[in-house]
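Letters A, B, ... are given to chains in the order of the sequence lines, protein chains preceding strands, and every chain is numbered from 1. Remember, it's a predicted structure, so these values are computed and weren't measured experimentally.
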Protein chains: 2
Amino acid sequence: MPDTPPSPDAVQLGAYFALMEVAGLLRHAVEQQLREAGDLSYVQFQLLARLGLDSPSGSERMTDLADGVVYSRSGLTYQAGLLEKAGLVTRTRSADDDRGVTVTITDAGRALLAKVLPGHTEVLDRQLFQPLSHEDAQALADLLSPVRDHMRSAPPRSAAPRRRR
Amino acid sequence: MPDTPPSPDAVQLGAYFALMEVAGLLRHAVEQQLREAGDLSYVQFQLLARLGLDSPSGSERMTDLADGVVYSRSGLTYQAGLLEKAGLVTRTRSADDDRGVTVTITDAGRALLAKVLPGHTEVLDRQLFQPLSHEDAQALADLLSPVRDHMRSAPPRSAAPRRRR
DNA sequence: TATTGTTATACTCTATAACTATA
DNA sequence: TATAGTTATAGAGTATAACAATA
């Protein structure tokens, strides 16, 4: 009897393709909504949501913001620059480490987030949650949360010239 | 007692953010592997996989290829052009409809797909499936398949000047 | 008239490498 | 010497609109 092969079988491959297609279609849908409702890209929304919803202080360091958004440092600088130019965040030197930069969401940023969220959740309801019961949503979160934690802790070993954190 | 609100609650929002982050991180990881192993973008891999793995004939019309890959027609033309230039697909006028174009994967395309897949599944094992049991993978596929079907049938109502299909 | 696909074009985004400044 | 962030630059990808050809 052969060992259980380590390579994904049909079920795993199916889960993978379904995951990627759903996420891709969903991202496309919410990106349109965000663009129309607030002239935001999805990445910009992610950054604002992280500052405005996840962070108690509304502030985070550039390096910490990069985690989970998976960007090159220059890409984050670019996006933060756009948000700052739009008045949605500010950038100041970090208090404890003079090399660091602290990004803080502004009132305008919070206002835009609040303005955009209702339509955003509408899209989520229509596109993602309509075929899912509340229990399904819970099950989905329970399945994906450990994966997210695993991925965060096991970043793709790239030949990157520099490492984050 | 209030009705169950239609807007996503904390559980739904958590599922949504987990889904998007996992898919984003995973895409980033597989994109690197595809680029190194076969000089393919993820979209190009999706197109080749659809032709080489899903389609029995190895052929599909441009319009059908656009479904599920969520592109503008011009974007699909661009990607198909790249694949054709690389000798991975051919484009011919469709037999039944002279307006249509049939895209067919070549032997070289199948060979590249075969060359790239082992490393691809390695990344999947390491990044996505390590924290998931086989039953978890099955559950994930079962949860997401109906969502995918729903999304395919309910495309984002865009103000697009033209509609697909 | 509607649909299929291509082209031209402009724009957004991302990554690499070089650079500055601080730890 | 290593880390935080910026800048310059180049390349890939995407969308819009105008277009040609066929149904």
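Among the heavy atoms of the strands lying under 4.0 Å from A/Arg35 are primed sugar atoms or P, OP1, OP2 only; no base atom is included.
Taking atom CZ of residue B/Arg93 and atom P of nucleotide C/dT4, one finds them 13 Å apart after rounding to whole Å. Between the C1' atom of C/dC19 and the CZ atom of A/Arg73 lies a distance of 11 Å, rounded to the nearest Å. If you measure from atom CE of A/Met62 to atom P of C/dA21, you get 18 Å, rounded to the nearest angstrom. Taking atom CG on A/Leu83 and atom P on C/dT12, their separation rounds to 14 Å, with Å as the unit. Between B/Leu76 atom CG and C/dG5 atom P there is a gap of 8 Å when expressed in whole angstrom units. Put simply, CG on B/Leu34 is 15 Å from C1' on D/dA12, counting in whole angstrom units. Look at OH on B/Tyr42: it is 18 Å from C1' on D/dA12, rounded to the nearest Å. Per the geometry, CG belonging to B/Leu82 stands 14 Å off C1' belonging to C/dT6, to the nearest Å.
No more than 12 heavy atoms of other residues, nucleotides or ligands shown are found within 6.0 angstrom of CG on B/Asp107.
When each of A/Arg27 and B/Arg91 is assigned the nucleotide of DNA chain C bearing its nearest heavy atom, the one mapping closer to the 5' terminus is B/Arg91. Ranked by how close their nearest DNA chain C nucleotide is to the 5' end, A/Val43 and B/Tyr78 are led by B/Tyr78.
Looking at B/Thr106, its side chain does come within 3.5 Å of a backbone N or O of B/Gly87 through a donor-acceptor pair.
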Practice prompt. Give the C-alpha distance, both sets of side-chain angles, the deciding distance and a yes or no for side-chain contact (heavy atoms from CB on, under 4.5 Å) between A/Leu13 and B/Leu124.
Written response: CA-CA 9 Å; A/Leu13 216 47; B/Leu124 296 184; 4.2 Å; yes
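Relative ring orientation between A/His120 and A/Phe45 is described as tilted, the plane-to-plane angle lying within the 30° to 60° band.
Taking each heavy atom of A/Val43 and A/Gln79 in turn, the nearest pair found is CG1-CG, 4.1 Å.
Less than 4.0 Å separates DNA chain D from at least one heavy atom of each of the following residues of residues 96-104 of chain A: A/Arg99, A/Gly100, A/Val101.
Residue B/Ser74 has no polar side-chain atom (N or O) positioned under 4.0 Å from OP1 or OP2 of C/dA8. The side chain of B/Gln79 contributes an N or O atom lying less than 4.0 Å from OP1 or OP2 of D/dT14. For B/Arg61, a side-chain nitrogen or oxygen approaches OP1 or OP2 of C/dG5 to under 4.0 Å. For D/dA12, neither phosphate oxygen OP1 nor OP2 lies less than 4.0 angstrom from any side-chain nitrogen or oxygen of B/Ser41.
One hydrophobic cluster, built from ILVMFWY side chains closer than 4.5 Å, holds both A/Val123 and B/Met151.
Picking from D/dT7, C/dT14, C/dG5 the nucleotide with the shortest atom distance to the side chain of A/Ser72 gives C/dT14. Closest approach to the A/Thr63 side chain among C/dA15, D/dA4, C/dT7 is made by D/dA4 (side chain taken as heavy atoms from C-beta onward).
Scored by the salt bridge (charged side-chain N to carboxylate O under 4.0 Å, His left out) test, B/Arg110 finds no partners at all (sequence neighbours excluded).
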